[in-house]
Protein chains: 2
Amino acid sequence: MTETKMDPRILRTRKLIMDSFIELSSKKEFKDITIKDITTEAMINRATFYYHFEDIYDLLEKVLSEVLLVNLNCDFYKCDHLNEEAFVSIFIAITNFQKSLSNRCHRGYEDTIGRIIREQLEVIFYKMLLKQNKMEDDEALKITAVILSWGIYGASVEWKRNGMKVPPEEFIKSTIPYLISGTDFGSKI
Amino acid sequence: MTETKMDPRILRTRKLIMDSFIELSSKKEFKDITIKDITTEAMINRATFYYHFEDIYDLLEKVLSEVLLVNLNCDFYKCDHLNEEAFVSIFIAITNFQKSLSNRCHRGYEDTIGRIIREQLEVIFYKMLLKQNKMEDDEALKITAVILSWGIYGASVEWKRNGMKVPPEEFIKSTIPYLISGTDFGSKI
DNA sequence: TTGGATGTGTTGGATATCCAACACATTTCA
DNA sequence: TGAAATGTGTTGGATATCCAACACATCCAA
């Protein structure tokens, strides 16, 4: 998951930068945050910032990935199989993430955020599929993970478009049998 | 006061080490705290510890000095003259410090602690005397600062020996005229 | 007694971070 | 318009931190 033996200086500095960015995000809009602001808040040199991140968009991506990953693993570590509970807790994590971002001001980056969500979902789905499918066609599992990640992300977009009012578990629950048993579930054939 | 332009790495690392030591002190006795404990808690390398401190006693001294200095400056920054208010707030800072240490487990280091208190007092008294005595006999001011520091420290020891029950300002107030106006205060001559 | 386990303090080479300086773009404002 | 101010991204040399290894001391159980 996380790199095993990292230089503690790197962990420390990345955390300082990311935490400062999150802190600043709660006070300013993203477009008003400069790299100088971040490095001043973090008490690190501006050159050091560029040692770790390409630019401020790279930082944004990595912070969002990190936040989402923590959310996912938090709710999800108990499950070891893609059952109903797993799908529900994944979907709740995604909707929580979307909700928290709709307050923060990251408007104009919906496509970036969508990509990040799908990337993280793809990783987690692939991992779960590998675990429960004992070494079958690897390529098929990968593509299945892609399809699931787009699907679940799409569901969260739809949930958002409906005003984020329906409880997420309710929103997703009815469709889960189709996810788990496939489209044949309930088929007349 | 504090060095003006310090390398931020140094400030960061010292703070990490000191904070970790304070944190550990609230859980263990001083004698049970190893340097490995501190560096692990602080997530810094053991060699880095020795770059900043001679040994664990050196760290103890510097932490205590720092804590006391913060207390002193906190209560004291408003005063710019050695009047009654100044003496009272200094004495309160010292007794607070003694009280906080009597909970923590630094037994066996009373002499070290006493020395630290007197050193800090001496610095602060000397600074105040210089400010209000427009360039007179420098040596005399230094020695006066020494005498005041021993005196006030002694008062705090006595206050502690009496069970730390009398309110510190009450304990010190009656003697302040003698400190400010000298032994001639109230003299019959 | 001995030998392993644990803690202290030191060292040399590798690496991350700092700093000052630079070139370039964008904004501000006179 | 143009010039000052502000922000971005890069560089080279200096310095703090990391890491693995070492020598030494202390403690404790076989």
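Here is how names work: the chains are called A, B, and so on, in the same order as the sequence lines, proteins then strands, and each is numbered from 1. As a basis for the values below, the full set of heavy atoms in this structure was taken, side chains included, without hydrogen atoms, waters or symmetry mates.
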Residue Ile44(A), side-chain atoms from C-beta onward, closest of dC18(C), dG9(C), dT17(C): dC18(C)
Look only at the side chain of Ser181(A) and the backbone of Tyr178(A), and say whether a donor-acceptor pair between them is shorter than 3.5 Å. no
Mapping Pro8(A) and Glu54(A) onto DNA chain D by nearest heavy atom, which one lands closer to the 5' end? Glu54(A)
How close or far is atom C1' of dT17(D) from atom OH of Tyr50(B), stated in whole angstroms? 16 Å
Among dT8(C), dT17(D), dC19(C), find the nucleotide with the atom closest to the side chain of Thr48(B). dT17(D)
Round to a whole Å and report the spacing from CG of Asp7(B) to C1' of dT17(D). 11 Å
To the nearest 0.5 Å, what is the distance between CD (Glu23(B)) and CD (Glu41(B))? 5.5 Å
Go through the N and O atoms of the side chain of Arg9(B) and the base of dT17(C), and report whether any donor-acceptor pair is under 3.5 Å. yes
Without decimals, in angstroms, what is the distance between Asp58(B) CG and dG9(C) P? 10 Å
Atom-pair distance (CE on Met6(B); C1' on dT15(D)), nearest Å: 13 Å
Backbone of Ile10(A) reached by a side-chain donor or acceptor of Thr13(A) within 3.5 Å: no
Between N or O atoms, less than 3.5 Å apart, protein on one side and nucleotides 21-27 of chain D on the other: list the pairs.
none

Less than 4.5 Å apart, side chain to side chain, heavy atoms only: is that true for Glu169(B) and Phe91(B)? no
Report the distance from atom CG of Asn45(B) to atom C1' of dT15(C), rounded to the nearest whole Å. 12 Å
Validation row: Ile94(B), Trp159(B) side chains within 4.5 angstrom (heavy atoms): no
Any Tyr51(A) side-chain nitrogen or oxygen under 4.0 Å from OP1 or OP2 of dT17(C): no
Rounded to whole angstrom units, what separation is found between the CG atom of Asp55(B) and the C1' atom of dT10(C)? 14 Å
Pick from Thr175(A), Ile92(A), Leu82(A): which one makes a side chain to side chain contact (heavy atoms under 4.5 Å, CB included) with Phe87(A)? Leu82(A)
Can you identify which nucleotide, out of dT11(D), dT8(C), dT15(D), has its nearest atom closest to the Ala47(A) side chain? dT11(D)
Between Asp58(B) and Lys62(B) (salt bridge meaning N to carboxylate O under 4.0 Å), is one present in this structure? yes
By ring pair (Phe, Tyr, Trp, His ring centres under 6.0 Å), Phe49(B) pairs with (sequence neighbours left out) Phe53(B)
Just by distance, with hydrogens left out, do Thr34(B) and Asp37(B) show a side-chain donor and acceptor under 3.5 Å apart? yes
Between Lys31(A) (NZ) and dT27(C) (P), how many Å, whole number? 12 Å
Any donor-acceptor N or O pair under 3.5 Å, side chains Thr40(B), Lys36(B): yes
Phosphate-side-chain proximity, His52(A) and dT17(C), N/O vs OP1/OP2 below 4.0 Å: yes
Lys36(A) atom NZ is separated from dG9(D) atom P, nearest whole Å, by 15 Å
Near-strand residues of residues 10-17 of chain A, defined as heavy-atom separation under 4.0 angstrom from DNA chain D: Arg12(A)
